[in-house]
There are 2 protein chains.
Amino acid sequence: MEAFDVTALRGRGLRATRPRLAVLATLRRRPHASAEEVVREVRESLDAVSVQAVYDVLNALALSGLVRRVDPTGARAARYELDVGDNHHHLVCRGCGLIVDVPCAVGHAVCLQPALDHGFALAESEVTYWGLCSRCQTEATGPVRVTASTALPEGPA
Amino acid sequence: MEAFDVTALRGRGLRATRPRLAVLATLRRRPHASAEEVVREVRESLDAVSVQAVYDVLNALALSGLVRRVDPTGARAARYELDVGDNHHHLVCRGCGLIVDVPCAVGHAVCLQPALDHGFALAESEVTYWGLCSRCQTEATGPVRVTASTALPEGPA
DNA sequence: GTTGCTGTCTTGAACGATTCCAGTGTGGGG
DNA sequence: CCCCACACTGGAATCGTTCAAGACAGCAAC
């Protein structure tokens, strides 16, 4: 695991430093961690790591494609996950902010091709499903954080 | 237009105030405006409107479903648009941040249903297409703001 | 038209996530 | 093993957004 990360980093021309390896290990353990969570977790294995170092590491890893940055509309802080290259999508709970991975719904490129491309060179498409997780459904008292448009009754999306 | 907005506001139990009407007019003229742009534009028709008033208005309108808040991963500031209820998607330029509306690509509910719902009660799905707009494709010198994962070669999304 | 209540706007300050800067250190190719 | 470019540290700044308290103004009732 360690060795794997070391080669992954070197393969992209990045040095294999302790903070970087710790960040990768953290994201493997906890996908969708916020920068703050990463800092907390990394500090449990390494004595002193600055917040800025973590941001720097996350940016460097995101730039090199090892890490994917996700920030759902309305979330306070960005989340990070290892970029495993499967281009999965996310299911986000409007109640508690829980993020769950879901594989591509359809298995073909239909989601990648918008009806009109307006002259864009398309690189990627990203799908976010919004809803309420099972726990927030039962606890109607959960913190409700309505951020964007309200519920959609049915139909095409 | 004015009258239409007035009834729309009152219909949701909101007062029809000048700042609110001005914000709605601004968003009709410029979809995907940031809060700052809205402030600037609104101040051209109204003498004095505070930044906080605009944020308050945008939040109130978003909560009532008249306005949709969009913030693409990596964007500094959130964007706002009138919620016309057609649940369209967005095409975002990685170069300059330009946002363009696209109708739902497929016209059926395939995008709304992830393969696994993990017990979630789904409310909505949101698709963001990433790429380079035609201008940024020609100007290779444009500001490149890589934020999340890097380009995806092909295949399912 | 006037009055009064309540929801809105204003001013001013705070907050949290992220970034910038300058200096120190350390990984790893030579 | 040595050196230096790349990484990390600490501190401060920035930027979008929100909070709080008080002044103001829609609009419903009279």
Checklist entry - Heavy atoms under 4.0 Å, any strand shown: does B/Ala78 hit a base, just sugar-phosphate, or nothing? => result sugar-phosphate
Item to check | Nearest-Å distance for atom pair CZ/C1', residues A/Arg12 and D/dC6 | outcome: 18 Å
Checklist outcome for this item: Walking DNA chain D from its 5' end, the first of B/Ala77 and A/Asp56 to be reached, judged by nearest nucleotide, is A/Asp56
Item to check | Full working for salt bridge (Lys or Arg N to Asp or Glu O under 4.0 Å) between B/Arg28 and B/Asp5 | outcome: CA-CA 11 Å; B/Arg28 182 166 295 113; B/Asp5 287 341; 2.9 Å; yes
Item to check | Sugar-phosphate, base or nothing in reach of B/Thr17, heavy atoms under 4.0 Å | outcome: sugar-phosphate
Checklist entry - Roughly, in whole Å, what's the span from CG in B/Leu46 to P in D/dA25? => result 13 Å
Checklist entry - Touch check for B/Gln52, heavy atoms < 4.0 angstrom, all strands: base, sugar-phosphate only, or nothing? => result base
Checklist entry - Within the structure, does a side-chain N or O atom of A/Arg10 lie under 4.0 Å from either OP1 or OP2 of C/dG27? => result no
Checklist entry - Given atom CG of A/Leu24 and atom C1' of D/dA7, what is their separation to the nearest angstrom? => result 15 Å
Checklist entry - To the side chain of A/Ala53, which of D/dT9, D/dT18, C/dC9 is closest? => result D/dT9
Item to check | Integer-rounded Å distance: D/dT17 P and A/Asp71 CG | outcome: 12 Å
Item to check | Atom-to-atom span, OH of B/Tyr80 to P of D/dG16 - whole angstrom | outcome: 12 Å
Checklist entry - B/His88 versus B/Pro103: any side-chain heavy-atom pair under 4.5 Å? => result no
Checklist entry - Taking OP1 and OP2 of C/dT19, is either one under 4.0 Å from a side-chain nitrogen or oxygen of A/Tyr55? => result no
Checklist entry - Tell me, do B/Tyr129 and B/His89 make a side-chain contact under 4.5 Å, heavy atoms counted? => result yes
Checklist entry - So which nucleotide from C/dT11, D/dT9, D/dC8 ends up closest to the side chain of A/Val57? => result D/dC8
Checklist entry - Just to confirm, is there a sub-4.0 Å distance from OP1 or OP2 of D/dC8 to any side-chain nitrogen or oxygen of A/Arg15? => result no
Item to check | Of A/Leu14 and B/Ala48, the one whose closest DNA chain C nucleotide lies more 5' | outcome: B/Ala48
Checklist outcome for this item: Which of A/Arg68, A/Glu81, A/Glu37, A/Arg79 passes side-chain hydrogen bond (donor to acceptor under 3.5 Å, both in side chains) with A/His32? It is A/Glu81
Checklist entry - Do the side chains of A/Leu122 and B/Trp130 get nearer than 4.5 Å, heavy atoms only? => result no
Next on the checklist: At less than 4.0 Å, is any side-chain N or O atom of A/Arg18 found next to OP1 or OP2 of D/dA7? Yes or no.
Outcome noted: no
Next on the checklist: What's B/Ala60 touching, base or sugar-phosphate or nothing? Going by heavy atoms closer than 4.0 Å.
Outcome noted: nothing
Checklist entry - Are A/Arg20 and D/dA7 close enough that a side-chain N or O sits under 4.0 Å from OP1 or OP2? => result yes
Item to check | Whole-Å gap separating P (D/dA7) and CG (A/Leu21) | outcome: 13 Å
